[in-house]
Amino acid sequence: MFTVRAMVFSLVVLVAFVLVYPTLGSYLSARAEVEQLRLARDAALAENADLEADLKRWDDDAYIVAQARERLSFVMPGETAFLVVDPETVPDTPADVGGAVPETGDGATRPWYATVWESVEIAGSLDVDGRPTDEPAPPGGPVVPESGTEPAG
């Protein structure tokens, strides 16, 4: 049966719950946030350690040479570079037959800097308006755009 003592005890427990629950809720959410921040800090410290280790590898000359060979396809003087192409990744037909293909006469591909240099030479041989320098100028002289107008294209 309900006694006055049980009712007072229930009332005290209910008041205590109403007073403590919001504080306990905020404490638990703050604790979870602190734990997430610790995990993020630990991940950042681990990433920083990896990056510092990666940076220290660049102090080794052998690593620099290996990276130059791997990333830039550099070879040492006197060495011959060979490019082995996986037949499963290379299509049987060329993708674009109309464009410029950077190949030499013997079928080997040219290095990228040779293609860039050829582009610079072609651009240097053109006149300002895009014609080769050996072609005669059109009648009326070169077309100079008016100031304040945007070029097309």
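All residue numbers refer to positions in the sequence shown, counting from 1.
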Discussion item. Among residues at least two apart in sequence or on other chains, which ones pass side-chain contact (heavy atoms from CB on, under 4.5 Å) with Q67?
Written reply: W58, Y63, E70, R71

Worksheet item: Excluding sequence neighbours, so at least two apart, what forms side-chain contact (heavy atoms from CB on, under 4.5 Å) with W117?
Response: V120, E121

Tabulate below the donor-acceptor pairs under 3.5 Å that side-chain atoms of residues 4-15 make, not counting sequence neighbours, or state none.
unit_1 : atom_1 : unit_2 : atom_2 : d
S10    : OG     : A6     : O      : 2.9

Practice prompt. Using the salt bridge (charged side-chain N to carboxylate O under 4.0 Å, His left out) rule, collect all pairs that involve residues 19-41, keeping only residues at least two apart or in two chains.
Written response: E35-R38

Pairs of donor and acceptor atoms involving the side chains of residues 19-27, under 3.5 Å and at least two apart or interchain, shall be tabulated with distances.
unit_1 : atom_1 : unit_2 : atom_2 : d
S26    : OG     : P22    : O      : 3.4
S26    : OG     : T23    : O      : 2.9

Worksheet item: Which other residues end up in the same hydrophobic cluster as F74, if Ile, Leu, Val, Met, Phe, Trp and Tyr are linked when side-chain heavy atoms come under 4.5 Å apart?
Response: L72

Item to complete: Could I get the full list of side-chain contact (heavy atoms from CB on, under 4.5 Å) partners for A114, not counting sequence neighbours?
Response: R110, P111

Discussion item. According to side chain to side chain donor-acceptor pair (under 3.5 Å), does anything in residues 72-83 pair up with another residue at least two apart or in another chain? List the pairs.
Written reply: R69-E79

Worksheet entry | Residue pairs passing the salt bridge (charged side-chain N to carboxylate O under 4.0 Å, His left out) test where at least one lies in residues 9-23, sequence neighbours excluded | none

Worksheet item: What pairs of residues pass the salt bridge (charged side-chain N to carboxylate O under 4.0 Å, His left out) test when at least one of them lies in residues 6-22, not counting sequence neighbours?
Response: none

Worksheet item: Going by an N to O cut-off under 4.0 Å, is there a salt bridge joining D54 and R57?
Response: yes

Worksheet item: Linking Ile, Leu, Val, Met, Phe, Trp and Tyr through side-chain heavy atoms less than 4.5 Å apart, which residues share a cluster with L55?
Response: none

Practice prompt. Return the set of residues passing salt bridge (Lys or Arg N to Asp or Glu O under 4.0 Å) with D61 (not counting sequence neighbours), or none when no residue passes.
Written response: none

